[in-house]
There are 2 protein chains.
Amino acid sequence: MGKSEETRSLIVATAMRLFTENGYDRTTMRSIAAEAGVSVGNAYYYFSSKEQLIQGFYDEIAWVHQTAARERMAGETGFAERLEHVLLCWVDTAEPYHRFGTQFFVNAADPESPLSPFSADSAPARDATIALWREVVENSDLKVDPELREELPELLWLFQMGVVLFWVHDRSQQTKRTRMLVRRTVPLIARLAGLSRLRVLRPITRELLSLIHDLAKKDS
Amino acid sequence: MGKSEETRSLIVATAMRLFTENGYDRTTMRSIAAEAGVSVGNAYYYFSSKEQLIQGFYDEIAWVHQTAARERMAGETGFAERLEHVLLCWVDTAEPYHRFGTQFFVNAADPESPLSPFSADSAPARDATIALWREVVENSDLKVDPELREELPELLWLFQMGVVLFWVHDRSQQTKRTRMLVRRTVPLIARLAGLSRLRVLRPITRELLSLIHDLAKKDS
DNA sequence: GTCTATAGCAAGATAGAC
DNA sequence: GTCTATCTTGCTATAGAC
């Protein structure tokens with residue numbers, strides 16, 4: 001690891017520590033620089049803004065979650081069970097950062113921000129997560145409309161974003177409410193996915209898939 | 001209108017203009033004050049922060065939307081039609097502010113912020129909007145499980161928040177994509193609501209209602 | 001209670017020297 | 001790559017006019 005890399009990661013690590021200790025807003029660039037033993041200008045040499053420091057945090061949490069989730073659902077074939085494992089695993093992984101994590105995800109809500117989960121910059125992280133969801137579906141015993149099956153990983157990623165949004169607003173102890181949300185919506189989703197082939201629901205399923213397809217088009 | 005009211009609305013109007021022209025971030029309190037011909041101190045006398053200026057914007061847009069929406073769905077009894085009217089009416093009302101509106105809704109995403117649609121400060125505006133949704137349901141010909149009917153206004157408000165979230169990220173011309181989303185999800189929602197009494201879906205409906213009920217509890 | 005003027009702080013960000 | 005000095009801007013404080 002060159003000097004450059006070293007300074008960079010020193011700054012990130014210091015920032016993460018101060019963020020967890022004092023919160024995002026109350027942690028100043030000055031204090032990060034001072035604590036890391038570098039100048040403010042140097043910190044800005046590596047990170048073009050305070051927000052940019054957050055990307056490092058995202059990548060790490062995503063990485064930890066994916067490894068833990070794969071381990072946790074290994075051997076399990078029930079779709080609902082796999083779904084629940086992955087989501088609860090995320091809640092567990094993110095738990096220590098909940099206090100200041102909210103600040104982070106607020107910044108991520110800005111569509112212009114490279115930190116947005118929908119942004120081009122987030123594409124690698126997003127794709128990696130969707131790949132995880134594809135594994136959830138493919139190695140499960142789920143019986144579902146083949147076309148829906150194809151779209152399911154992306155839809156589950158979207159649902160995960162919804163869970164994150166709920167989690168951000170969750171003020172209960174140990175984010176119990178988010179856990180409840182997960183535990184009780186997961187069976188509903190699994191049930192609905194299974195029912196999607198039913199005669200009465202078939203047209204709704206098709207129209208939903210067609211809509212998603214049309215919305216995904218880059219033009220229009 | 002007294003002098004106080006006049007100054008207040010002058011400041012809001014100026015701020016709105018500058019926000020639309022230059023964006024939220026690039027508009028400084030100094031420039032707002034200068035352009036409105038008041039001192040910075042005076043601006044802060046009326047609005048405790050730059051964010052606070054946004055609340056005025058919210059209130060105005062909500063007011064305009066509600067009046068226009070009531071007019072637009074008057075006489076219409078079809079549930080899906082009424083739903084579509086109200087949502088498309090919102091998209092129309094918000095259209096001129098889309099460019100900088102995103103900046104606003106980002107601030108609103110902060111759960112700690114009084115600007116959050118879930119905050120206590122937003123309760124009056126939220127209740128007014130939910131009341132509008134209650135009218136949508138009640139004066140329609142919708143046949144639906146009575147318990148679901150009771151919760152429907154709040155659920156529709158939540159759906160509206162989802163539409164807003166989509167709208168914020170919508171970069172298409174005249175927010176065509178959001179309009180498409182509305183036009184095509186509305187029939188699905190109406191259909192699903194109607195089907196909620198079906199034997200296969202009944203348990204799902206009940207469980208969903210029970211979950212919402214439990215999540216709404218303040219404790220836990 | 002409404003408003004001006006001005007000085008100043010804190011903190012994010014930048015310029016330019018080395 | 002790194003630093004010091006400086007700028008910008010949200011926000012506060014004060015003192016006083018009407």
Side-chain angles (χ1 to χ4, degrees), chain A residues 1-57 100 103-104 106-110 112-115 121, chain B residues 1-57 100 103-104 106-110 112-115 121:
Chain A
M1 184 154 79
K3 186 80 193 298
S4 185
E5 271 299 309
E6 218 167 282
T7 311
R8 189 190 181 83
S9 64
L10 172 65
I11 294 170
V12 179
T14 310
M16 288 307 123
R17 183 166 60 78
L18 293 180
F19 285 157
T20 29
E21 279 172 19
N22 313 316
Y24 178 75
D25 277 336
R26 277 184 317 236
T27 304
T28 68
M29 287 299 276
R30 281 169 175 78
S31 70
I32 294 170
E35 196 81 4
V38 301
S39 69
V40 181
N42 199 11
Y44 275 99
Y45 173 78
Y46 285 102
F47 301 92
S48 59
S49 73
K50 192 178 171 185
E51 266 194 357
Q52 272 298 111
L53 280 166
I54 300 174
Q55 196 80 58
F57 163 79
F100 75 115
Q103 259 300 340
F104 286 11
V106 166
N107 296 355
D110 183 356
E112 309 292 344
S113 166
L115 293 175
D121 295 70
Chain B
M1 184 153 82
K3 187 77 195 298
S4 183
E5 273 298 309
E6 219 167 282
T7 309
R8 190 190 179 81
S9 64
L10 172 66
I11 294 170
V12 179
T14 309
M16 288 308 123
R17 184 166 60 78
L18 293 180
F19 285 158
T20 29
E21 280 172 19
N22 313 316
Y24 178 77
D25 277 335
R26 276 183 317 236
T27 304
T28 68
M29 286 301 275
R30 284 169 174 83
S31 70
I32 294 170
E35 196 81 6
V38 301
S39 67
V40 179
N42 198 13
Y44 275 101
Y45 174 78
Y46 285 103
F47 301 94
S48 59
S49 72
K50 190 178 170 185
E51 266 196 355
Q52 271 300 110
L53 279 166
I54 300 174
Q55 195 82 57
F57 164 78
F100 73 116
Q103 259 297 340
F104 286 11
V106 166
N107 296 355
D110 181 357
E112 310 292 344
S113 165
L115 293 176
D121 294 72

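To find a chain, count down the sequence lines: A is the first, B the second, and so on, and within it residues start at 1.
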Quick one: salt bridge (Lys or Arg N to Asp or Glu O under 4.0 Å) partners of A/R17, sequence neighbours excluded?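 With neighbours one apart ignored, the set is A/E21, A/E35.
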Round to a whole Å and report the spacing from CZ of A/F47 to C1' of D/dT2.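 After rounding, the reported distance stands at 15 Å.
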Rounded distance in Å - CD (B/Q52) to P (D/dG10):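 It is 16 Å, rounded to the nearest whole Å.
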Salt bridge (charged side-chain N to carboxylate O under 4.0 Å, His left out) contacts touching residues 41-56 of chain B (sequence neighbours left out):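 Sorted pair list comes back empty.
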Could you pull out all residues at least two apart from A/S31 that satisfy side-chain hydrogen bond (donor to acceptor under 3.5 Å, both in side chains)?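 side-chain hydrogen bond (donor to acceptor under 3.5 Å, both in side chains) check on A/S31 returns A/T28.
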Kindly write out the residues that satisfy side-chain hydrogen bond (donor to acceptor under 3.5 Å, both in side chains) with B/D121, not counting sequence neighbours, or none if the list is empty.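 Checked B/D121 against side-chain hydrogen bond (donor to acceptor under 3.5 Å, both in side chains); zero matches.
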I need the full list of ring pair (Phe, Tyr, Trp, His ring centres under 6.0 Å) pairs touching residues 27-54 of chain B, with sequence neighbours left out, sorted by first then second residue.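 As it turns out, there is no ring pair (Phe, Tyr, Trp, His ring centres under 6.0 Å) pair with a partner in residues 27-54 of chain B once direct neighbours are skipped.
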Protein heavy-atom contacts under 4.0 Å, written 5' to 3' over nucleotides 3-18 of chain C as B (base), S (sugar-phosphate only) or - (none), form the string SB---B--BBBB----
